Each structure stands twice: as structure tokens, then as C-alpha cells.
Amino acid sequence: MTQESTNPEAVGEAVRVRFAPSPTGYLHIGGARTALFNYLFARQCGGTLVLRIEDTDRERSTPEATQAILDGMRFLGLDWDEGPEVGGDYGPYFQSERDGLHRELVERLLAAGKAYHCFKTSEELVRLREEHRDAASFTAAVREDLDPAEVSSRLAAGERATVRFRVPEGETVIDDLVRGEVRVSNSDIEDFVIARADGSAVYNLAVVGDDNGMGITHVMRGEDHLSNTSKQLLLFEALGFSVPRYAHISLILAPGGGKLSKRHGAVSVTEYEEKGYLPEAMINFLARMGWSYDDKEEIFSLEDLVEKFSLDGVSNSGAVYDLKKLDHLGGHYMRQRPLEELVEMSLPFLLRSEQVQIDLEEVVSGGGGRERFEAIIALEQERINRLEELPERVGYYFEDPEQPDKGARKALRKKKDSVPLVERYGESLTAQFPDGWGSGDHEILEEHVKSFLEKEDAGLGDLAQPVRAVLTGRGATPGLFEVMAILGMETCLRRLGKLQEWVDKAVS
RNA sequence: GGCCCCAUCGUCUAGUCGGGCCUAGGACACCGGGUUUUCAUCCCGGCAACUGGGGUUCAAAUCCCCAUGGGGUCACCA
């Protein structure tokens with residue numbers, strides 16, 4: 001078994017790969033990873049990424065799903081060279097529009113005697129399957145050498161017939177780029193249907209026709225297609241087409257093991273987008289599921305991946321996805337993003353929230369509200385993993401907290417004797433800052449508190465803990481003085497005034 | 001059930017092709033500790049794996065076989 005290099009030079013032709021989702025739902029994270037791998041492979045070797053929509057399941061395919069898939073790809077930053085909305089020389093790129101092409105192929109196979117009409121009704125087929133457990137005997141039962149004249153007369157009489165491929169004897173070998181040689185005895189492959197009674201092509205034939213028609217050189221797809229591959233190979237040979245290279249990627253498994261489904265939470269790229277995960281985090285996460293570079297690096301940008309991706313690094317065992325890891329990457333990239341961009345991205349998440357009042361106009365126009373808003377985001381930037389976390393964390397900047405949370409109550413109980421100290425602190429603030437302070441003045445506040453505590457001969461903990469609790473209603477927040485700076489003096493003093501009341505409540 | 005794929009820490013994985021450098025490396029999670037006004041970040045440390053059994057060999061996580069386990073697939077769906 002020779003595992004050639006995945007280097008396109010060794011292949012001797014321009015690489016053309018495809019991502020071929022069927023638009024029956026949103027872009028699944030497994031599909032997204034397949035798309036990513038195809039994208040990386042194409043970009044790395046200067047090849048072409050084709051996006052083909054396999055919408056031949058008329059019952060389940062929807063335009064909405066197609067749109068969702070395109071949106072998902074764009075969110076991730078995976079652009080395609082040929083396909084919907086961009087066109088190309090190998091179109092059409094919707095499989096349903098290639099029906100004529102597929103029918104021609106069926107005719108060719110029929111004419112060459114490599115396929116035949118099957119008049120068995122579905123009831124008969126159900127029975128045959130029960131009687132014939134294995135492919136070989138099923139084929140023997142279903143395959144009948146009808147007289148051509150009889151076939152045409154029955155067809156002319158309006159009898160319904162599918163077209164089946166006549167599977168030849170022998171063995172089919174898949175030379176898979178990640179799995180090596182996979183051998184399947186043809187006797188394990190039944191004479192499968194390639195055209196429905198209405199003449200339209202069934203999946204395997206359509207794929208072969210399209211992959212060939214689109215000049216695809218490498219087919220990279222999920223392992224669930226491995227069993228289709230032998231059938232497709234048979235078709236390629238029967239049609240005299242040159243066979244593409246194959247690479248079957250292992251599936252992404254649900255946390256408990258097993259196939260990923262809606263039960264396991266978010267499985268569509270759209271859902272992750274809505275949760276506010278950054279696309280670069282998704283890309284990094286997806287790439288590391290089933291692919292690795294070495295024994296050190298974990299962080300990869302899309303650009304890094306284009307450079308470093310290799311089929312050699314693709315593992316052949318299934319990968320259970322771990323949301324904790326995604327969160328970690330989410331936080332990492334959150335801290336990498338320029339503040340300006342985060343501000344823009346945060347807005348939609350915050351505008352949705354009722355407890356956050358943002359003067360959108362002012363933020364967008366860059367007025368004082370903008371400065372304040374940026375300061376808030378800057379503080380949260382290093383603490384969140386996804387944008388969705390924002391609204392519930394920043395409520396206290398916009399409304400006085402009504403209740404202390406658990407951590408705040410604990411702080412209030414522990415420092416209940418600090419009430420007089422805090423009262424004097426409030427007075428000191430008033431005296432020191434007659435005109436208040438700006439949202440970026442935390443250093444001044446910190447200096448002031450130091451000298452205040454020195455005079456009082458008290459520790460910062462005794463003051464900061466209860467102050468944080470009554471100012472924010474929380475036991476944990478960003479640095480107290482940063483928060484106070486943004487809150488402004490008026491708000492701080494007003495909330496500080498409630499300390500005794502809050503302590504009483506917390507203690508009782 | 002038939003056929004096919006797979007098998008290293010809880011999870012993602014390096015190492016497996018070209019046996020010795022592996023007393024099995026990294027990351028996430030978890031548990032300690034440090035920094036800090038709390039949280040987060042960051043830093044240090046710890047826990048934790050070659051599925052089992054046979055071979056081959058001076059030597060096996062690495063090669064072979066079997067078992068077991070997991071996954072996929074068996075439509076006039078894609």
C-alpha cells in the first residue's frame with residue numbers, strides 16, 4: 001500500500017475539490033469541518049474549491065437550507081471558487097439542474113448492457129429483501145435477463161421500472177488517502193438502483209456524473225460515505241471516467257459517543273454564531289478535531305491552517321467534540337480581537353437584552369456613550385468566551401442592581417462591620433471629586449483610595465468587597481476602580497447609600 | 001445480522017508507516033499553589049492512557065492474528 005504525497009505536484013494536475021452538502025438542514029459542524037478541510041486543501045495547493053448543492057431530494061431540500069449553508073460558510077470565512085452565487089465554468093452547481101446530464105449517463109449504461117430495467121414493485125422488493133439476506137443472493141433474485149423487446153413493450157405500456165446497475169464480479173479497491181486500501185468484494189454490493197422510475201438519477205450516479213463533469217480530482221468527505229465509494233468506483237469504471245483520489249475523514253461524535261444529533265445541543269454553525277463564538281475560534285476548534293500538526297501547537301489561524309494542513313495529519317479515528325475546548329478557544333480569540341471590532345460585534349447581542357439600555361446612536365456616532373461602551377467591552381473582553389455572555393454581565397452599568405447575588409451576599413456578611421468605613425469613603429469621594437470623574441479615570445480613583453485607606457489604617461479588602469457588592473450586586477466583577485470609573489460618581493454614591501440596607505438583608 | 005472503518009490520559013491528540021531516543025509528549029477539563037481588591041488572564045505544580053490475549057523479535061504503544069469494544073453503512077435519501 002503506497003501512500004503518495006498529498007502534494008498536488010505529485011498528482012500532476014490542478015487540484016479541484018468540492019464540498020457537496022444536501023440542503024436539508026443547517027450547516028452541521030461535521031459538514032463545516034468537511035468544508036474546512038476541503039477549503040484548506042484547495043487553498044494550500046492553489047487548487048479550486050467547488051461548492052455543489054445536492055438538492056435532488058425534492059421532499060427535503062429547501063432554499064432556506066441552501067441559504068443557511070452559504071451563510072454558515074461565509075461566517076466561517078470559507079469562500080468557494082465555483083458554485084452558487086459565484087458561478088464558474090463547470091456549472092450548473094445545483095445538482096437538480098444537472099438532471100439531463102445524469103439521464104444521458106443512465107442511457108449510456110443501459111446501451112452498453114451495464115445497467116438494466118427492473119420492473120419489480122416495491123412490495124416485491126420488500127419480500128425479496130426478507131428472503132435474501134446478503135447482497136449476492138438479492139442480486140441473483142432481482143436481476144433478470146429480459147428480452148429487449150419485452151422491456152420496450154412493457155415500458156411502452158406504461159409499466160414503471162427503475163434502472164439498476166449490473167455489478168460485475170470481482171473486487172473493488174478504494175485507495176484512500178487517509179485509510180489506505182479498502183477492499184470490498186463486489187459480491188457484497190447488490191445491483192443498486194441508479195435511476196428512479198421517473199428516469200431521474202439516484203445519488204450515486206449523480207455524484208459520479210457531477211464529480212466527473214466538474215473535473216474533481218480529490219473527494220474529501222465523511223467516513224459515512226465510505227460504503228458509497230465502492231459503488232461510485234464501479235460507476236466511474238463502467239463509464240470510462242478517470243477516478244478521483246479519495247480521502248474519508250472520520251466522523252465527529254457526540255459527547256456520549258454515537259452520532260451527533262439535536263439532542264446534544266448546538267450542532268449547526270448558525271447556532272454557534274448566535275451564541276457569539278468568534279469564527280476564528282470555530283475554525284481552530286474544527287481543525288483540531290481529526291487533524292493535528294505536531295505535539296505542541298494548538299492555536300491555528302485560518303492562514304496558519306492553509307499553510308500547515310496536510311492529509312498526513314488527519315487522524316482516522318472518530319472525534320468526540322468537547323465544548324469546553326471550544327469555550328477555551330473562544331476566550332483566547334476574544335482577547336485577540338481588536339476592541340473596535342468587538343464593540344461592533346457586541347452591539348446586536350446587547351441591543352437584544354432588556355436590562356441593557358444603549359444609546360445606539362451615540363455609540364455608533366462615537367460620542368461620549370461610545371467611549372463608555374468601549375470601556376465596558378474592554379473590561380469584559382478578557383473574561384468572556386462568547387458574546388452571548390455579555391448582556392447578563394453588564395446589567396449593572398445600566399440599572400441599579402436590585403439584589404445581591406450569592407457572592408455579593410457573602411461579601412456583605414463578611415464585611416458587615418465595614419459600613420462606617422464605606423460611609424466615610426463616600427464622603428471622601430464627594431470631597432475629593434467635586435466634579436466627578438471620567439470613565440477612564442480608574443487610576444485616579446485608585447490613588448485616592450490608597451491615601452484614604454492609609455488615613456483610615458484599613459485594608460483594601462475591607463472596603464472593596466462591600467463596595468463591589470453594593471455597586472454591582474455581584475461578588476465578582478472586573479477591577480473595582482475600572483467599574484467605578486465607568487459607573488460615574490453620581491451612580492456610585494447613590495448605590496453606596498444603600499449599603500446598610502443591603503447588609504441588613506444579607507445578614508438576616 | 002452482512003459488509004466496512006477505527007482503537008494512546010475524562011476529551012482532542014503526538015508517537016505507529018520506516019520497531020529501540022517513550023520511565024509515552026502537548027492541549028482542554030479537573031485538583032493544588034503563586035500573582036491580584038473579587039473574577040478572569042497569566043505563571044508554577046499535580047492527577048491521568050498504550051482495550052485484552054496470543055504471536056514475530058535481542059527489543060513492540062509501534063509489525064501480524066484473534067477477541068472485545070466503538071463507529072459507519074446496508075432506500076426508487078443524499
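In what follows, chains are A, B, ... by sequence order, proteins preceding strands, each numbered from 1. All values below were derived from every heavy atom in this structure, side-chain atoms included, with hydrogens, water molecules and symmetry-related copies excluded. A quick note: this is a predicted structure, and the numbers were derived from the prediction, not measured.
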[X] has a side chain; which of [options] sits nearest to it?
X: Ala476(A); options: rG26(B), rC4(B), rC39(B); value: rC39(B)
X: Ala197(A); options: rA78(B), rA29(B), rC76(B); value: rC76(B)
X: His328(A); options: rU38(B), rA78(B), rC28(B); value: rC28(B)
X: Arg179(A); options: rC28(B), rC6(B), rU37(B); value: rC6(B)
X: Glu298(A); options: rC76(B), rA7(B), rA27(B); value: rA27(B)
X: Ser22(A); options: rC6(B), rA78(B), rU38(B); value: rA78(B)
X: Arg383(A); options: rG25(B), rC39(B), rU37(B); value: rC39(B)
X: Thr56(A); options: rA78(B), rU37(B), rU41(B); value: rA78(B)
X: Glu382(A); options: rA40(B), rC28(B), rC76(B); value: rA40(B)
X: Lys325(A); options: rC28(B), rC76(B), rU37(B); value: rC28(B)

Could you give the distance separating [M] and [N] at their [atom1] atoms, to the nearest angstrom?
N: rC21(B); M: rA61(B); atom1: C1'; value: 15 Å
N: rC64(B); M: rC6(B); atom1: P; value: 11 Å
N: rA27(B); M: rC47(B); atom1: P; value: 14 Å
N: rC28(B); M: rG46(B); atom1: C1'; value: 16 Å
N: rC50(B); M: rA29(B); atom1: P; value: 24 Å
N: rG26(B); M: rU8(B); atom1: C1'; value: 13 Å
N: rC5(B); M: rC66(B); atom1: P; value: 12 Å
N: rG53(B); M: rG32(B); atom1: C1'; value: 40 Å

_Taking the cut-offs as 6.0 angstrom to the six-membered ring centre and 45 degrees off its axis, would you call Arg52(A) and Phe19(A) a cation-pi pair?_
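Not flagged: Arg52(A) not positioned over aromatic ring of Phe19(A).
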*Within 45° of the six-membered ring axis of Phe37(A) and under 6.0 Å from that ring's centre, is NZ or CZ of Arg33(A) located there?*
yes
_Can you work out whether Arg129(A) or Val202(A) has the more 5'-proximal nearest nucleotide on RNA chain B?_
Arg129(A)
*For Gly313(A) and Ser122(A), take the nucleotide of RNA chain B holding the closest heavy atom to each; which residue's nucleotide lies nearer the 5' end?*
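Upstream on the strand: Gly313(A).
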Write down the distance between [atom1] ([X]) and [atom2] ([N]), rounded to a whole number of angstrom.
X: Asn284(A); N: rC28(B); atom1: CG; atom2: C1'; value: 12 Å
X: Arg468(A); N: rA40(B); atom1: CZ; atom2: P; value: 12 Å
X: Leu379(A); N: rU41(B); atom1: CG; atom2: P; value: 15 Å
X: Leu480(A); N: rC39(B); atom1: CG; atom2: C1'; value: 12 Å
X: Glu446(A); N: rU37(B); atom1: CD; atom2: P; value: 8 Å
X: Asp134(A); N: rC74(B); atom1: CG; atom2: P; value: 17 Å
X: Asp188(A); N: rG1(B); atom1: CG; atom2: P; value: 16 Å
X: Phe481(A); N: rU38(B); atom1: CZ; atom2: C1'; value: 11 Å

*What do the steps show when you test Arg221(A) against Thr34(A) for side chain to side chain donor-acceptor pair (under 3.5 Å), and what is the final call?*
CA-CA 6 Å; Arg221(A) 61 193 356 177; Thr34(A) 301; over 6 Å; no
Looking for any heavy atom pair under 4.0 Å, which part of the strands does [X] touch: base, sugar-phosphate only, or nothing?
X: Ser317(A); value: sugar-phosphate
X: Ser292(A); value: sugar-phosphate
X: Gln95(A); value: sugar-phosphate
X: Gly290(A); value: sugar-phosphate
X: Arg58(A); value: nothing
X: Leu460(A); value: base
X: Pro21(A); value: nothing
X: Ser315(A); value: sugar-phosphate

_Residue among Asp55(A), Asp210(A), Asp57(A) satisfying side-chain hydrogen bond (donor to acceptor under 3.5 Å, both in side chains) with Gln95(A)_ =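 For Gln95(A), the side-chain hydrogen bond (donor to acceptor under 3.5 Å, both in side chains) test succeeds with only one of Asp55(A), Asp210(A), Asp57(A), which is Asp210(A).
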*For the base of rU41(B), is there a side-chain donor-acceptor partner from Arg335(A) under 3.5 Å away?*
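Donor-acceptor pair under 3.5 Å: no.
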*What about Asn228(A): does its side chain form a donor-acceptor pair under 3.5 Å with the base of rA78(B)?*
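Result: at least one qualifying N/O pair found.
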Let's test this: given Watson-Crick or G-U wobble pairing with both distances under 3.5 Å, identify the partner of [N].
N: rC47(B); answer: none
N: rG20(B); answer: rC58(B)
N: rC74(B); answer: rG1(B)
N: rA27(B); answer: rU11(B)

*Kindly state whether the ring of Tyr93(A) and the ring of Trp80(A) have centres lying under 6.0 angstrom apart.*
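Centroid distance Tyr93(A)-Trp80(A): not below 6.0 Å, so no.
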*Ignoring hydrogens and geometry, is there a side-chain-to-backbone donor-acceptor pair from Arg183(A) to Ile174(A) under 3.5 Å?*
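No, the answer is negative, given that no donor and acceptor are paired below the 3.5 Å cut-off.
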_Side-chain donor/acceptor of Asp405(A) to backbone N/O of Gly475(A), under 3.5 Å_ = yes
*With the side chain counted from C-beta on, respond yes when Phe309(A) and Asp304(A) share a heavy-atom pair under 4.5 Å apart, and no when they do not.*
no
*For rC77(B), does either OP1 or OP2 sit under 4.0 Å from a side-chain N or O belonging to Arg196(A)?*
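Looking at the OP1 and OP2 atoms of rC77(B), one of them is under 4.0 Å from a side-chain N or O of Arg196(A).
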*Side-chain N or O of Asn316(A) less than 4.0 angstrom from OP1 or OP2 on rA7(B)?*
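Yes, because at least one side-chain N or O of Asn316(A) sits under 4.0 Å from OP1 or OP2 of rA7(B).
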_Residues His248(A) and Thr229(A): side-chain donor-acceptor under 3.5 angstrom_ = yes
